[in-house]
Amino acid sequence: AQSVSQHNHHVILSEAASLELGCNYSYGGTVNLFWYVQYPGQHLQLLLKYFSGDPLVKGIKGFEAEFIKSKFSFNLRKPSVQWSDTAEYFCAVISNRDDKIIFGKGTRLHILP
Amino acid sequence: DSGVTQTPKHLITATGQRVTLRCSPRSGDLSVYWYQQSLDQGLQFLIQYYNGEERAKGNILERFSAQQFPDLHSELNLSSLELGDSALYFCASSPGTGGEYNEQFFGPGTRLTVL
């Protein structure tokens, strides 16, 4: 079955630490990939997206993600996190075969000031 | 502000009751999606409509139904409510389907509490 796995359910970091959140998917064929962020009490907002082209994608707020097709991965990175990055992060994948979007279970990121 | 609106923001009701959640997509978007977010299940895709027609179905219970109207707004109907239906219900919209038309914009959500 198609699935999206986010390996880290809860991550705690200090400010200025580097961040990498893992996302792996199990789809065949062409996929579109997304990272969404949900700040406390708010709705989901798009951080970045990959449709085609350069596999290194830059998003808002200093985030980036790299699509590695051979590893079925789309990991999210940020070199230096801030307290305001405290949020829940969701990876999502759409297969061009059926247009169904599947979200990972999310990673709660807590940044210590 | 994503441009997607949802009403009401909060809803408190009793078990066995029926409620309707409403969503207005971004101007020009043809696709509407419904999601349920709870602490134990995470974010679950329920159903998608595209230009008035059901496009894709996820983990939607038979007690739940949805529709998209000619003006493209959508309603999610939840009936015979159970305590476990308490959750945040999000609506999202996208320009269409396929490729970049799949990028979804989320509304602020409706928090449903079933007592």
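Below, read A as the first sequence line, B as the second, and so on, with proteins coming before strands; counting in each chain starts at 1.
- For A/His10, the NE2 atom counts as densely surrounded, since its 6.0 Å shell holds more than 12 non-hydrogen atoms of other residues, nucleotides or ligands.
- Side-chain heavy atoms closer than 4.5 Å link hydrophobic residues (I, L, V, M, F, W, Y) into clusters, and following such links, possibly through other members, connects A/Ile111 to A/Phe63.
- Clustering ILVMFWY residues whenever any of their side-chain heavy atoms sit less than 4.5 angstrom apart, transitively, puts A/Leu47 in the very cluster that holds A/Val4.
- Other residues, nucleotides and ligands contribute over 12 non-hydrogen atoms within 6.0 Å of the CZ atom of B/Arg63.
- Atoms CD and CZ, on B/Glu103 and A/Phe51 in that order, are 5.5 Å from each other to the nearest 0.5 Å.
- Residue contact with chain A, scored on non-hydrogen atoms closer than 4.5 Å, involves the side chain of B/Arg55 exclusively.
- By number of non-hydrogen pairs under 4.5 angstrom with chain B, the leading residue of A/Glu88, A/Gln38, A/Gln45 is A/Gln38.
- Linking Ile, Leu, Val, Met, Phe, Trp and Tyr whenever their side-chain heavy atoms come within less than 4.5 Å leaves B/Leu112 and B/Leu115 in two separate clusters.
- Both the backbone and the side chain of B/Gln104 come within contact range of chain A, judged by heavy atoms closer than 4.5 Å.
- In this structure, the portion of A/Leu46 lying under 4.5 Å from any heavy atom of chain B is its side chain and not its backbone.
- The two residues A/Phe90 and B/Gln37 make their nearest non-hydrogen contact at CZ-NE2, 3.4 Å.
- Both B/Tyr49 and B/Leu61 sit in one connected hydrophobic cluster of ILVMFWY residues. Membership requires side-chain heavy atoms under 4.5 Å apart, directly or through other members.
- In this structure, CD1 on A/Ile101 lies 11.5 Å from OG on B/Ser31, to the nearest 0.5 angstrom.
- In this structure, B/Phe106 and A/Leu44 approach most closely via the heavy-atom pair CB-O, 3.5 Å.
- With chain B as the partner, the residue from A/Lys49, A/His43, A/Gln42 showing the most heavy-atom pairs under 4.5 Å is A/His43.
- Side-chain contact between A/Ile102 and B/Phe45 is absent, with no heavy atoms from C-beta onward closer than 4.5 Å.
- Around atom CZ of B/Arg111, no more than 12 heavy atoms belonging to other residues, nucleotides or ligands sit under 6.0 Å away.
- Put simply, of B/Ser2, B/Gly107, B/Gly58, the one with the most heavy-atom pairs under 4.5 Å next to chain A is B/Gly107.
- A/Val11 and A/Tyr39 fall within the same hydrophobic cluster, defined by Ile, Leu, Val, Met, Phe, Trp and Tyr side-chain heavy atoms under 4.5 Å apart, directly or through other members.
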